[in-house]
Amino acid sequence: MKYWLMKSEPDVYSIDTLAKDKTTWWEGVRNYQARNFMTQQMEEGDLVLFYHSNAEPPGVAGIAKVSHKAEPDKSQFDKKSEYYDAKATKEKPQWLCVQVEFVQKFKHLVSLAELRENKSLADMVVLQKGSRLSVQPVDKKHFDILKKLGGV
DNA sequence: GCCAACGTTGGC
DNA sequence: GCCAACGTTGGC
């Protein structure tokens, strides 16, 4: 089993929305590196740190898990969607995404500032300078520390 | 709202 | 294939 961090803007889709929905397809990723993690490495059962970006404060809000392997992202075919991609066809989809399922919300949101304060987390991708990747791998040791910091 | 860092596009 | 211009991300 592997561990991941996935970013979402809570104004658009928050951990609370996922708690209500139970599951969601992670549509809208339009970055090849992020897509490749989803298509090539993510497996059902992998655990995900749900990260709130562009938030006050930004940070890890809870845990989700991969509940279905990557399938074509429907939003690429939807002309009305901001994620529409004219180059994509049903025969040759450009974008795929996994389905994730709510696991738990942290008792305490672990803010980006807290992550930076914790020296043992310094290697996390999300803390690297200029890191914008919205789907990224996480070490098990870092995942375990995050659970403790989150109070679960 | 600003802007640094990064990814993508397109001219050559 | 290089790289300047442009668009986006995301913290602050």
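Order of the sequence lines fixes the chain letters, A, B, ..., with proteins taken first and strands second; residue numbering starts at 1 for each chain.
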Set out, line by line, the N/O atom pairs under 3.5 Å between protein and nucleotides 8-12 of chain C.
{"from": "C:dT8", "atom 1": "O2", "to": "A:Arg132", "atom 2": "NH1", "distance (Å)": "2.9"}
{"from": "C:dG10", "atom 1": "OP1", "to": "A:Lys7", "atom 2": "NZ", "distance (Å)": "3.0"}
{"from": "C:dG10", "atom 1": "OP1", "to": "A:Arg132", "atom 2": "O", "distance (Å)": "2.8"}
{"from": "C:dG11", "atom 1": "OP1", "to": "A:Tyr51", "atom 2": "OH", "distance (Å)": "2.7"}
{"from": "C:dG11", "atom 1": "OP2", "to": "A:Asn54", "atom 2": "N", "distance (Å)": "2.9"}

- request: For side chain to side chain contact (heavy atoms under 4.5 Å, CB included), just list the numbers for A:Thr23 and A:His68, CA-CA rounded to whole Å, side-chain angles, deciding distance to a tenth of an Å, and then say yes or no.
  value: CA-CA 10 Å; A:Thr23 65; A:His68 198 294; over 6 Å; no

query: Which residue, A:Arg30 or A:Lys129, contacts DNA chain B at a nucleotide closer to its 5' end, judged by nearest heavy atom?
result: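 That would be A:Lys129.
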
message: Taking NZ in A:Lys2 as the centre, count heavy atoms belonging to other residues, nucleotides or ligands within less than 6.0 Å. Is the count above 12?
response: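 Above 12, so yes.
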
field: Option passing salt bridge (Lys or Arg N to Asp or Glu O under 4.0 Å) with A:Asp73 (candidates A:Lys90, A:Arg30, A:Arg35)
entry: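 Testing each of A:Lys90, A:Arg30, A:Arg35 against A:Asp73, the sole residue satisfying salt bridge (Lys or Arg N to Asp or Glu O under 4.0 Å) is A:Arg30.
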
query: To the nearest 0.5 Å, how far apart are CG in A:Leu96 and CD in A:Glu71?
result: 7.5 Å

query: Of all heavy-atom pairs between A:Lys7 and A:Val126, which one has the smallest distance, and what is that distance?
result: CE-CG2, 4.1 Å

message: Rounded to whole Å, how long is the line connecting atom CD of A:Gln136 with atom C1' of B:dC6?
response: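 Computing the A:Gln136:CD to B:dC6:C1' distance gives 14 Å.
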
